[in-house]
Number of protein chains: 2
Amino acid sequence: MRIRTKDIAQKAGVSLGTVDRVLHNRDGVSEKSRKKVLAIMEELGYEPNRYASALASNRTLSFACLIPGHSEGEYWESVEEGIRGAVKDFADLGAHCAFFYYDSFDYSSFAVEGEKILGGDFDAVIIGPTVKEFTLPFTSSLDGKGTPYVFVDSFVSGSSPLAYYGQDAHSSGYFTGSIVLPLRVPFGGTIAVFETTRGKVTGSNQQILREEGFRRWIGKNGAEVILRKVDLPQDGDPSACRKVLKEFFSSNPDIKTGLFFNSRAYIVGEFILEEGVKDFDLTGYDLLPRNVGCLRKGAISRLISQRPLEQGYGAVKALTENIILKKDVKKENLMPIDLLTADNIDFYIR
Amino acid sequence: MRIRTKDIAQKAGVSLGTVDRVLHNRDGVSEKSRKKVLAIMEELGYEPNRYASALASNRTLSFACLIPGHSEGEYWESVEEGIRGAVKDFADLGAHCAFFYYDSFDYSSFAVEGEKILGGDFDAVIIGPTVKEFTLPFTSSLDGKGTPYVFVDSFVSGSSPLAYYGQDAHSSGYFTGSIVLPLRVPFGGTIAVFETTRGKVTGSNQQILREEGFRRWIGKNGAEVILRKVDLPQDGDPSACRKVLKEFFSSNPDIKTGLFFNSRAYIVGEFILEEGVKDFDLTGYDLLPRNVGCLRKGAISRLISQRPLEQGYGAVKALTENIILKKDVKKENLMPIDLLTADNIDFYIR
DNA sequence: GGCAATTCCGTGCACGTGCACAAAAACATC
DNA sequence: GATGTTTTTGTGCACGTGCACGGAATTGCC
């Protein structure tokens, strides 16, 4: 039978109130009673009933979530789905969440949305960070107010979040190297690295770190590989992309291997399908529906996943457990580096 | 603010009791009241507070778990850890679990332990099944008593569990083929398939299905590969194994690729480390500490994981949600086929 | 020893839901 | 329309914990 505070009180010869005070480190308890109650709690292995506790305390937990705006089928959609799932699971503990979106290509929008959050009355914040210069002012304001926050996706040094959920991007690039290169290098010494540009912005922190990791594998293993950057304009009409790709594939028939260090591998994958490009080995990130479609049809050879749902879920869970249940939470939570191909993808979806 | 039964009662102009009766589909409510309450519940989007509900109902949930006995560091230890973790998480809902172990090399022990469970008073059973002939009599007894059960690890057809948590073994063998063969076939046309034997028993259902899946890849892709079985005696002293392996490696210097379709790849991995065998590519299953040790040291090239922790956790969660919260649960839960190498293993441990 | 101040402790209500029992209303029978 | 029967509805306590309030015990001071 489960041990209750009542049982402890009985055995210690004190009242429920005293046990309660000991339990919550409140004063007004003699040293003698405190010792006795603690000893008996230890002896009987008391574990509080979190449900009864949540019910009695009757508090709410107001989250704010600040992440890049996104349209359907994009990476951040999955992170948000994970967050919403967790908030729903913890709704009985009083959790609810307001979402704020910034434009990842317009840094100042991060500050604008951040101000709204600072003005509101939130118990905790979940942040999908932008560049350091804009993230740190916001987190230090939160530090000032004593509002806890967690990062998802990427970590920004110089801040002190309660926790971080994301992938070790450098390691994931290194891993990509270890998988792709032994398999592909015999097919040709040049590898295409595709990048997408919008305005003046090319690539996030994570993307840059992944490429660094990939290059480190090359360096460490003395692979003789040339990386050729291919820049794809992402903002204008899609025909600009097509033009670049047509030009690339026709003038480089010897390049048989391509990489994306962001989630937009489908741009090339769908081109491959439409144009019937043969024997091109393409590696990308993230299980966007369009990427998965290409993977299934053979236009993308492999995808690396970083478990965005788990990131979002974990972030909310960590905050809830820390605030409501006052548990210590793990600070650094690095997602597994999953390798997906047409032959195992079915078991990662749904 | 969260909608309570009280709010519904107020708005419908009835008492809490009536709302409660509607909520639990009990009779003694006029059609008029039932309609009205249901309409308002719908309108306000009522979601019951599971905590308050669990607290008030004050019921317990007694699990029995019947799995193969295992010593430290073996596969089933992780499954059990997952089960224990879930039971702990749901302890506030009244969950607790008794464990029964059978000898997977002595089928009748399954029946013996099964009888104990049938004699006890359990609300649900978690089964790591043995062969069909011994599993079905047990599950049909459970069916007779109306006791729900779930399978972990493998599925036994002819039974009707509430859910199944495991890996599609055939697909995982197929996937192994797709990863290993393109990489390794140039290194030699013969591949060693290691098996371990104890008494007269060689290999579980899962192991056989994995090999079938592997062979299917070969067939489908017209790979010219010879599979050479290597039988390792697992019961006697370890020196018998060493002898077999010494003989194998010295007389087959051309075989550079090996496979285990069960979790004991460390037997060969540790031999490789001790004897300093070079350039042997070894693939195995499951993240046993000894396997992981070999993977990190390069003696095993890759491991396939089937997420035993999640299997155990999921099984308990499904039963709890079905019984206590009367939720529908997903019947077939196939684990992802994770590919682990020395370069991503760190992020799967812990 | 008397009194106040301080420290310590017990009691009671609340949280939202489940369930048993009692009360009320509706209906049936003569 | 009085009585009994069935259907429908309301009320109250319980679950384990949090918290506020007031009472009891102890201490300090003259």
Side-chain angles (χ1 to χ4, degrees), chain A residues 1-38 40-41 44-61 90-96 323-327, chain B residues 1-38 40-41 44-61 90-96 323-327:
Chain A
M1 202 201 73
R2 188 79 182 258
I3 304 298
R4 303 159 298 174
T5 46
K6 200 185 198 172
D7 303 318
I8 294 173
Q10 222 155 30
K11 189 149 187 192
V14 297
S15 74
L16 276 170
T18 303
V19 174
D20 186 61
R21 279 180 280 269
V22 173
L23 213 52
H24 298 90
N25 292 316
R26 272 175 296 178
D27 50 9
V29 185
S30 67
E31 203 48 42
K32 200 178 114 203
S33 300
R34 163 162 268 120
K35 280 264 168 61
K36 176 135 203 180
V37 167
L38 283 173
I40 290 175
M41 269 173 45
L44 300 184
Y46 172 72
E47 291 276 343
N49 185 322
R50 314 197 319 268
Y51 296 175
S53 170
L55 195 60
S57 68
N58 201 26
R59 71 171 288 178
T60 64
L61 186 54
F90 299 128
D92 291 341
L93 290 172
H96 52 104
I323 297 178
I324 301 251
L325 312 171
K326 287 167 182 81
K327 277 213 250 181
Chain B
M1 201 201 71
R2 189 80 182 260
I3 304 298
R4 303 158 298 173
T5 45
K6 200 183 193 173
D7 302 319
I8 294 173
Q10 220 154 34
K11 189 148 186 193
V14 297
S15 74
L16 276 170
T18 303
V19 174
D20 186 60
R21 279 181 281 269
V22 173
L23 212 51
H24 298 90
N25 291 316
R26 271 176 297 181
D27 50 8
V29 184
S30 66
E31 203 47 41
K32 200 179 114 202
S33 299
R34 163 161 269 120
K35 280 263 169 63
K36 176 136 203 184
V37 167
L38 283 173
I40 289 175
M41 270 172 45
L44 300 184
Y46 172 72
E47 291 275 344
N49 185 323
R50 313 196 325 267
Y51 297 176
S53 171
L55 195 60
S57 68
N58 199 29
R59 70 170 288 179
T60 63
L61 187 54
F90 299 128
D92 291 341
L93 290 171
H96 52 104
I323 298 178
I324 302 251
L325 313 171
K326 287 166 184 83
K327 276 213 251 181

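First the proteins, then the strands, lettered A, B, ... as listed; each starts at 1.
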Subject >> Residue A:L23, side-chain atoms from C-beta onward, closest of C:dC9, D:dG18, C:dC19 >> reply: D:dG18
**OP:** Could you please name the option among C:dC19, D:dT17, C:dA20 that lies closest to any side-chain atom of B:D20?
**Re:** C:dC19
Subject >> Selected nucleotide, minimal atom distance to B:S57 side chain, candidates C:dC8, C:dG10, C:dG18 >> reply: C:dG18
Original post:
Does A:S30 place a side-chain N or O at less than 4.0 Å from the phosphate oxygens OP1/OP2 of C:dT7?
Top reply: no
**OP:** Send over the distance from A:Y51 OH to D:dG18 C1', rounded to a whole Å.
**Re:** 18 Å
**OP:** Could you please name the option among C:dC15, C:dT11, D:dC15 that lies closest to any side-chain atom of B:L55?
**Re:** D:dC15
Original post:
Would one find a side-chain N or O of A:Y46 under 4.0 angstrom from OP1 or OP2 of D:dG16?
Top reply: no
**OP:** Working to the nearest 0.5 Å, report the span between CG of B:L93 and CD1 of B:I323.
**Re:** 11.5 Å
**OP:** Could you check how far NZ of A:K6 sits from C1' of D:dG18, rounded to whole Å?
**Re:** 16 Å
Original post:
Nearest of D:dG18, D:dG16, C:dG16 to any side-chain atom of A:R4?
Top reply: D:dG16
Subject >> Residue mapping more 5' on DNA chain D - nearest nucleotide basis, B:A52 or A:G17 >> reply: B:A52
Subject >> For atom CG of A:N49 and atom C1' of D:dT17, their distance in whole Å >> reply: 8 Å
Original post:
Looking at D:dG10, D:dG18, C:dG16, which one has an atom nearest to any side-chain atom of A:H24?
Top reply: D:dG18
**OP:** Measure from CD1 on B:I8 to P on C:dT17 and round the result to the nearest Å.
**Re:** 8 Å
Subject >> Minimal non-hydrogen separation, A:R21 against A:R34, with atom names >> reply: O-NH2, 3.9 Å
Original post:
Hey, does the side chain of A:T5 come within less than 4.0 Å of D:dT17's phosphate (OP1/OP2), counting only N and O?
Top reply: yes
Subject >> Phosphate-side-chain proximity, A:S53 and D:dG16, N/O vs OP1/OP2 below 4.0 Å >> reply: no
Subject >> B:R2 with B:D7: basic N within carboxylate O range, under 4.0 Å >> reply: no
**OP:** Round to the nearest Å and state the distance from A:R21 atom CZ to D:dC21 atom P.
**Re:** 14 Å
Original post:
Whole-Å distance between C:dC19 C1' and B:R26 CZ?
Top reply: 6 Å
Subject >> Residue whose closest nucleotide on DNA chain C lies nearer the 5' end, A:L16 versus B:A56 >> reply: A:L16
Original post:
How many Å lie between NZ on B:K36 and P on D:dT9, as a whole number?
Top reply: 12 Å
Original post:
For D:dT8, does OP1 or OP2 lie under 4.0 Å from any side-chain N or O of B:S33?
Top reply: no
Original post:
Looking only at heavy atoms, which two atoms of B:I8 and B:V19 are closest? And how far apart?
Top reply: CG2-CG2, 4.1 Å
**OP:** Respond yes when some side-chain nitrogen or oxygen of B:S15 is under 4.0 Å from OP1 or OP2 of D:dT11, and no when none is.
**Re:** no
**OP:** Report the distance from atom CE of B:M41 to atom P of C:dT17, rounded to the nearest whole Å.
**Re:** 11 Å
Original post:
Which pair of non-hydrogen atoms, one from B:P48 and one from A:D92, has the smallest distance, and what is that distance?
Top reply: O-OD1, 3.8 Å
Original post:
Which atom pair, heavy atoms only, marks the closest approach of B:D20 to B:H24?
Top reply: O-ND1, 2.9 Å
